[in-house]
Peer 1: 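I'd like to ask some things about the structure below.
Just the heavy atoms: all of them, side chains too, but no hydrogens, waters or symmetry mates, feed the values below. Both counts, for ligands and for their atoms, begin at 1 and track the order of listing.
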Amino acid sequence: MPASVILGAQWGDEGKGKITDLLSEKADVVVRYQGGNNAGHTIVTGTQKFALSLIPSGVLYPTVTPVIGNGVVVDPKWFFEEMETLVTKGIDPSRVKISNNAHLIMPYHRKLDAVIERYLGNSMIGTTKRGIGPAYTDKYSRTGIRVQDLFDEKIFREKLEVVLKTKNQQLVKMYNQLPLDFNEIADEYLDYAPRLKPYVADTSLLVWEALQDGKNVLFEGGQGTLLDVDHGTYPFVTSSNPTAGGAPVGIGIGPTMIDNVIGVAKAYISRVGTGPFPTEQINEIGDRMIDIGGEYGVVTGRRRRCGWLDAVALRYAARVNGLTEIALTKLDILSHFDTIKIATAYEAEGETFTEMPRQQRVLHQCAPVYEEHEGWGDDITKVTKYEDLPQLARDYVERIEDLAGVPIRTVSVGPGRIATLTKE
Ligand code: GDP
Ligand code: IMO
Ligand code: MG
């Protein structure tokens, strides 16, 4: 604080929701800056469990203004459904603000996401099929439709007509699908307009004013560093910039306004979808990580791939994000392992790599160089002070700190709010 980015330091699902929720207690504004409802951020309060996708994790606190920034792609249908779910759980989400410049996810984006994946066959990315990639594609090819377009019916219809023509050509001629109906989409989206209006704001100005007033602002990333379209394992990535550089762009503030960059990292690693994963354990160890860690996707329910912590990747995340601190989550899951490994380098083609290889081919073929740590064995889920963790657990945490070159300030030992230790 006062302006902190919280982002995933691995391939997503590191526990960003939990950490954002914790810090939200002292925040005034919590902003999502990229991605959309491909994210699944879990928050476990004393009695309830929330899975947030599009709405920022700060929404649970009545003192927080949750903001969906211009860098996010917004599916209005999903937005209203998620808002409704929050209301049924006793949360008042009426303070949510959405950028007038955010792009809309349209029905053809969802449809294309699904069929493009099918046509990719073995090269599929394993997307969430929420239309994220096709929506960002339109944004960058300048045929996207923005939230503000909903409030000018003539412009909205004109834009939709032009873009739907090409989308239907694509759907019918390339992917053997039925075309989508213009009137159906226009009616659906124009119907959203008056319902969406109370939430729409100049969020760049809103955040800037909050910062001018000395308020605490959190920027909550979706996905993770290795899923970044520029810095991740392309093409097995998402279509936005979850890295810290994406925050000022996706909010509409200058980079000089950011004070801290908190990287959330799991004490081991998981990945959903396809793509290289050097430390993956396709064996009994991986299966136990999935079972004990409950590693199933929040959004798609898919089994997550799991493996040992990768210090090469973590050091890379520290560098490309300029991390000022790390929050280490799910340390409690490793209590169930006698031996715990950390990859400190990769070996491939007769070479040892201590930095992310320049040729991605290497990442697909390399063998990790592991160091082994003795497991601590004890249940640590009830520990309330970092100093009370078993010595072997502290050794593990401090070794990660050394390898990453960034201080670990938070250690999470359970999904709940209280299962969190502060490390000086
Ligand atoms: P996010 O996408 O980064 O917010 O992470 P997800 O919510 O997709 O996945 C993290 C999962 O781990 C959720 O089920 C959390 O409730 C859970 N979790 C977070 N921190 C801890 C922890 O320290 N220990 C355990 N056992 N679970 C945790
Ligand atoms: P949170 O915020 C983990 C993955 C998908 C796929 C790739 C592209 O919960 O950490 P997309 O639908 O974005 O085009 O899919 O990215 N992916 C995630 N993996 N956590 C996420 O979000 C993810 N969001 C997308 O599985 O491999
Ligand atoms: Mg998630």
Peer 1: Report the nearest protein non-hydrogen atom to atom 12 (O) of ligand 1: residue, atom name, distance rounded to 0.1 Å.
Peer 2: Lys330 NZ, 3.1 Å
Peer 1: Closest by any non-hydrogen atom to atom 4 (C) of ligand 2: pick that one out of Thr233, Thr238, Leu227.
Peer 2: Leu227
Peer 1: Would Gly12 count as a contact residue for ligand 1, given that I'm defining contact as a non-hydrogen atom of the residue lying under 4.0 Å from a ligand atom?
Peer 2: no
Peer 1: Without hydrogens or angle criteria, can the side chains of Thr422 and Lys385 be said to hold a donor-acceptor pair below 3.5 Å?
Peer 2: no
Peer 1: Only heavy atoms count here, so choose which of Val264, Val272, Asn38 is nearest to atom 27 (O) of ligand 2.
Peer 2: Val272
Peer 1: Measuring from the heavy atoms of Gly8, does anything fall under 4.0 Å of ligand 1?
Peer 2: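 Gly8: no contact with ligand 1 (<4.0 Å).
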Peer 1: Check each of Arg271, Arg305, Lys266, Arg303 against Glu295 using the salt bridge (charged side-chain N to carboxylate O under 4.0 Å, His left out) test, and report the only one that passes.
Peer 2: Lys266
Peer 1: Does Arg304 come within less than 4.0 angstrom of ligand 1, counting non-hydrogen atoms of the residue?
Peer 2: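 Distance cut 4.0 Å: Arg304 passes for ligand 1.
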Peer 1: Give the single entry among Ser239, Gly126, Gly17, Gly273 that approaches atom 5 (C) of ligand 2 most closely by any heavy atom.
Peer 2: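 Minimum heavy-atom distance to atom 5 (C) of ligand 2 goes to Gly126.
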Peer 1: Which residue supplies the protein heavy atom nearest to atom 4 (O) of ligand 1, what is that atom called, and how far is it?
Peer 2: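 I find the closest protein heavy atom is Gly17 N, 2.8 Å.
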Peer 1: Could you identify the single nearest non-hydrogen protein atom to atom 8 (C) of ligand 2 and state the distance to 0.1 Å?
Peer 2: Val237 O, 3.3 Å
Peer 1: Please list, in number order, the atoms of ligand 1 under 4.0 Å from a heavy atom of Lys18.
Peer 2: 20 (N)
Peer 1: Report the part of Arg271 in contact with ligand 2, treating N, CA, C, O as backbone and CB onward as side chain, heavy atoms under 4.0 Å; options are side chain, backbone, both, neither.
Peer 2: neither
Peer 1: N/O of Gly40 under 3.5 Å from N/O of ligand 2, yes or no?
Peer 2: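 Min N/O separation from ligand 2 is below 3.5 Å for Gly40.
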